[in-house]
Amino acid sequence: MQEENLNTQKMRSKIVAGNWKMNKNSAETEALLTELAAKLPDTQAEVMVAPTFVNLQSAVKQLESSTIEVIAQNMHFGESGAYTGEISADMLLDIGIDTVIIGHSERRAYFGETDEILAKKVKTALKKNMRVMFCFGEELDDRKSENHFNVVETQLKNALFSLDASAWTSIILAYEPVWAIGTGETASPEQAQEMHAFIRKTITDAYDTSIATNVSILYGGSVKPANAEEIFSKPDVDGGLIGGASLVADDFVAIIEAI
Ligand SMILES: O=C(CO)COP(=O)(O)O
């Protein structure tokens, strides 16, 4: 009986993460983190921020006594070696970062990151005992042609479904429909819920209900203070990956309060 209850309850974490992308110099990073730490509301949710690589180390130091976790926007799949301009998992771990975003649509679109490359990155991060926030989502054409479920299923399958079941405790999913990123256009709460439920069903089919129930699935794409509460109220939406609105302390705080 108790086991049944555990299975039907939401055991997974709520998460609000800010992806700062290529924004904020060192002084601006320090100022935004100071404001965020001061205004952080009491919350059950995990709060994360992903500044740029050059400001990660100072951000970790600055937030030493805060519950806000600093995470990375990307990493390379290689362990070390001749990969000019790249950052390894060990380098992130060395400065106190153990969660990394992998597969953001901007990495896929502008830096040629294929499912195959992403699968390698996920594998390396997990091998290093890092947590992976894996991003995926369909483009506008896929949505228009009603191919969005297939696209999402393929992205998950190619990068994640060969992982051992045990690896899934280190996976966070972030569904980010590309047409809603930075466009002001948001998936409706119903569209988000429909896709998140589909993702959970796909994971149930590939693995089992327990893995599908326990993985946190975040929504990303023009989440703002005005729409956060309604999106987060959906049963399969466990939080958000926030771009633009995470660059303004009051907006990010309002989004955290909405969860
Ligand atoms: O890409 C995103 C987060 O990773 C979403 O960005 P916006 O919130 O600016 O649409």
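Remember, it's 1-based here, ligands and their atoms both numbered in the order they're listed.
Around CD of Glu190, the count of heavy atoms belonging to other residues, nucleotides or ligands within 6.0 Å exceeds 12. Within a 6.0 Å radius of CD in Glu230, other residues, nucleotides and ligands contribute 12 heavy atoms or fewer.
Ligand 1 lies nowhere less than 4.0 angstrom from a heavy atom belonging to Lys224. Residue Ala245 places every heavy atom at 4.0 Å or more from ligand 1.
Remark: ligand 1 atoms within the under-4.0 Å shell around heavy atoms of Ala180 are 10 (O). Proximity to Leu241 (heavy-atom distance under 4.0 Å) selects the following atoms of ligand 1: 3 (C), 4 (O). Applying the 4.0 Å criterion to heavy atoms of Ser222 picks out, from ligand 1, the atoms 7 (P), 8 (O), 10 (O).
On a distance-only criterion, Glu106 and ligand 1 share no N/O pair closer than 3.5 Å. In terms of polar-atom proximity, Glu176 is counted as a contact of ligand 1, with an N or O under 3.5 Å from an N or O of the ligand. Considering backbone and side-chain N/O of Gly182, one or more are found under 3.5 Å from N/O of ligand 1. Polar contact check, Asn19 against ligand 1: a nitrogen or oxygen pair lies under 3.5 Å apart. Every N/O-N/O distance between Gly221 and ligand 1 stays at or above 3.5 Å.
Listed by chain and number, the residues in a side-chain hydrogen bond (donor to acceptor under 3.5 Å, both in side chains) with Ser105 amount to none (sequence neighbours excluded).
The hydrophobic clustering, which links ILVMFWY residues whose side-chain heavy atoms are closer than 4.5 Å, places Leu241 and Ile217 apart. Cluster annotation: Ile71 is not connected to Val100 through the hydrophobic network of ILVMFWY side chains, with a link wherever side-chain heavy atoms come within less than 4.5 Å.
A donor-acceptor contact closer than 3.5 angstrom links the side chains of Thr52 and Asn55. Residues Glu138 and Tyr175 have side chains that bring a donor and an acceptor to within less than 3.5 angstrom of each other.
If you check which protein heavy atom lies closest to atom 8 (O) of ligand 1, you get Gly243 N, 2.9 Å. Counting only heavy atoms of the protein, atom 9 (O) of ligand 1 lies nearest to Gly244 N, 2.8 Å.
Asp115 and Lys120 are not joined by a salt bridge, as no carboxylate oxygen comes within less than 4.0 angstrom of a charged side-chain nitrogen.
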